[in-house]
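Contents: one structure, followed by commentary.
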Number of protein chains: 2
Amino acid sequence: MSTPTPKSQAFDTETRPATDPPVQNLPKVRDDAPVSISDRTGSNRSALNAPSESGSLGRQVAKHLRSRIMQGEFSPGARLPSETEIALDYGVSRVTVRTAIKLLESQGLVDVRHGSGTFVSDFGTEIKAGIQELRSITETIREMGFEPSMERHKGETRAASEHESARLDLMAGEQVLDLQRAVFADGEVVAYSYDVIPIKTLDAQMLERMGQGSVFKVFETIGITPARAIAELHAVSSQEIAWGPQKPEQGLFLLLDQVHFDKDGKPFMYSKSYFVEGRFQFVILRTR
Amino acid sequence: MSTPTPKSQAFDTETRPATDPPVQNLPKVRDDAPVSISDRTGSNRSALNAPSESGSLGRQVAKHLRSRIMQGEFSPGARLPSETEIALDYGVSRVTVRTAIKLLESQGLVDVRHGSGTFVSDFGTEIKAGIQELRSITETIREMGFEPSMERHKGETRAASEHESARLDLMAGEQVLDLQRAVFADGEVVAYSYDVIPIKTLDAQMLERMGQGSVFKVFETIGITPARAIAELHAVSSQEIAWGPQKPEQGLFLLLDQVHFDKDGKPFMYSKSYFVEGRFQFVILRTR
DNA sequence: ATGACGTAAGTCGTCCTACAACTCAACCTA
DNA sequence: TAGGTTGAGTTGTAGGACGACTTACGTCAT
């Protein structure tokens, strides 16, 4: 990156070809050299450039702030540095910092008070098991301090049911992978997962790998990133759901019936997750 | 407040004086007379100033846009006007519009695409029963197109249990109002609500009014505005919960066990709402 | 001393202006 | 016709300025 095109300044590495100044528009000058600059101690300026493309700057900052909060750098109730300070720290504009903070606020992580400051929400850290955050079950379990594991009970291809076709936006009778697994936390069963995945999005090799570990990991390798899920909640009492030696006696479950969408709005998985009542704490932060 | 301090300028009126080049900078005068100005046709400029104090400008705009979307002015998948247009329409800056849109985005109502525009989310309108939106049950029922009603089954004062004291941050043995009600939609029972409210926040007159209608309405009259709730979800199977002629046979409920907080972070109500399974659709939009 | 009041500094909210980065469709060229 | 280029439109970020609110502190009269 010879002539440092100010694109995403700061966090280097970036899309731009290493070759030369892309002739943007007109004589857009801006001859400043937005790099170098001696590193102030404690600066978070270079902390952002994630693995690869991580969304907008604001989201990157939000992500980083979030992890700082989660790791206890700011304890619940504590005040964050002012927006201006944070902006200087990360080397971004205050506008960007504000979008980041707005995001965290909407997630209930912080609490912005006009004229006073931004404070870490009192719950905040407990919330991380919250449903509204889209993440895989295994991921959630691990963050709660347990060791997740899975056991495949069934994994076969079949034609999609009418209901499934509707949810996944498929042709009638299209083939799907029917995956049934038990989910464990520290060896204790916490949920039974029924996943349905359209075959067409997978090649043969994927089918096997879907069994063990996180399904989402496999999706990532083929460029499918989960962006949203729309979920329905139900209480279920049935003996037909669980299996195996740890099958719970009373057969009472909290059902999360959800369709997953990628960032283009295309559905790529339909799953019913039956959580054994009492083994898993679901928390929702409701805001206005 | 004699001298009309320009507080929330904008609607009604307008920031800039129609007179002449605003001097800005140092001698901060601002001698404008903040009224008049003919109404452009179709302008939403004056649509904001709600009942009274409605939060920041950005939130007001968000609220108004939200209702426009809900009322079908923009159908799912449709593109909203550009940020600049909306800003002109409401007579606010683009920054403000952006904060509003960010809010709607975080609620899953719209979908912002860089370089392309802002689109109404495909689900969007279904979501309005979503849990993460904090609103009273009656409000939710009404928005779903049913007529809500309530029936008080019990309403007495007693000492708070240990568990309740912990949740509500009370002294041991403090008095609370124990309210038990059945919730109906178009005459059909959909939920059983167990509410616990500290007495100290109420006067005698309030106690009666708590019985009928929305509890939140009563709270509003004494200046308590619900800002957040932290809720736990459970599946419950029991015959001890419901009562009355419409008592459901199988006794299967989705329990929303929640503590409500006002904007200062003080808990003011602890409630357990048992929703009769199958009668009420809970939808959650999960995002990352 | 004490309490009411005004003042000033700090911080979030909004505005303005100017670009940068991205998308999409129309156009042009090979 | 196929493919690349251009340009207009839209969201994202920057920077500077000021309004509105909160808080702490100092002043002053009691």
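Note on B/Val95: a base of the nucleic acid sits closer than 4.0 angstrom, heavy atoms only.
When all heavy atoms of B/Pro267 and B/Asp169 are compared, the closest pair comes out as CG-CB, 3.9 Å. In plain terms, the two heavy atoms of A/Ala229 and A/Phe261 that are nearest each other are CA-CD1, 4.4 Å. Contact between A/Leu104 and A/Ala62 at its shortest, heavy atoms only, is CD2-O, 3.8 Å.
Under the 3.5 Å distance criterion, with hydrogens and angles disregarded, a donor-acceptor pair is assigned to the side chains of A/His64 and A/Tyr90.
As a whole-Å value, the separation of B/Phe119 CZ from D/dT10 C1' is 9 Å. Regarding B/Leu88, its CG atom lies at a distance of 12 Å from the P atom of D/dT10, rounded to whole Å. Regarding B/Glu83, its CD atom lies at a distance of 15 Å from the P atom of C/dC16, rounded to whole Å.
A cation-pi arrangement is absent between A/Arg79 and A/Phe74 under the rule of less than 6.0 angstrom and at most 45 degrees off the ring axis.
Residue-to-nucleotide contacts include no donor-acceptor pair under 3.5 Å from the side chain of A/Arg94 to the base of D/dG16. Applying the 3.5 Å distance criterion, the base of D/dG9 shares no donor-acceptor pair with the side chain of B/Arg79. Counting atom types as modelled, A/His114 pairs a side-chain N or O with a base atom of C/dC12 as donor and acceptor under 3.5 Å.
Put simply, B/Arg98 has no side-chain N or O that comes within less than 4.0 Å of OP1 or OP2 on D/dT11. Residue B/Thr118 places at least one side-chain N or O under 4.0 Å from the OP1 or OP2 atom of D/dT11. B/Ser116 has no side-chain polar atom (N or O) that falls below the 4.0 Å cut-off from OP1 or OP2 of D/dT11.
Between A/Glu232 and A/Arg167 a salt bridge is recorded (basic side-chain N to carboxylate O distance below 4.0 Å).
Every stem involving DNA chain C, taken as at least 3 paired positions in a row under the Watson-Crick or G-U wobble test at 3.5 Å, is listed here: C:1-30 with D:1-30.
Of the listed nucleotides (C/dC15, D/dG12, D/dT13), D/dG12 has the atom at the smallest distance from the side chain of B/Lys102. In this structure, of C/dC15, C/dA21, C/dG13, it is C/dG13 that holds the atom nearest to the side chain of B/Ser56. Residue A/Val92 has its side chain nearest to D/dA14 when only D/dT10, C/dC12, D/dA14 are considered. Checked against C/dG13, D/dT13, D/dT11, the side chain of A/Val112 finds its nearest nucleotide in C/dG13.
Mapping B/Gly115 and A/Glu105 onto DNA chain C by nearest heavy atom places A/Glu105 closer to the 5' end of the strand.
With B/Ser116 contributing its side chain and B/Arg113 its backbone, the two residues share no donor-acceptor pair below 3.5 Å.
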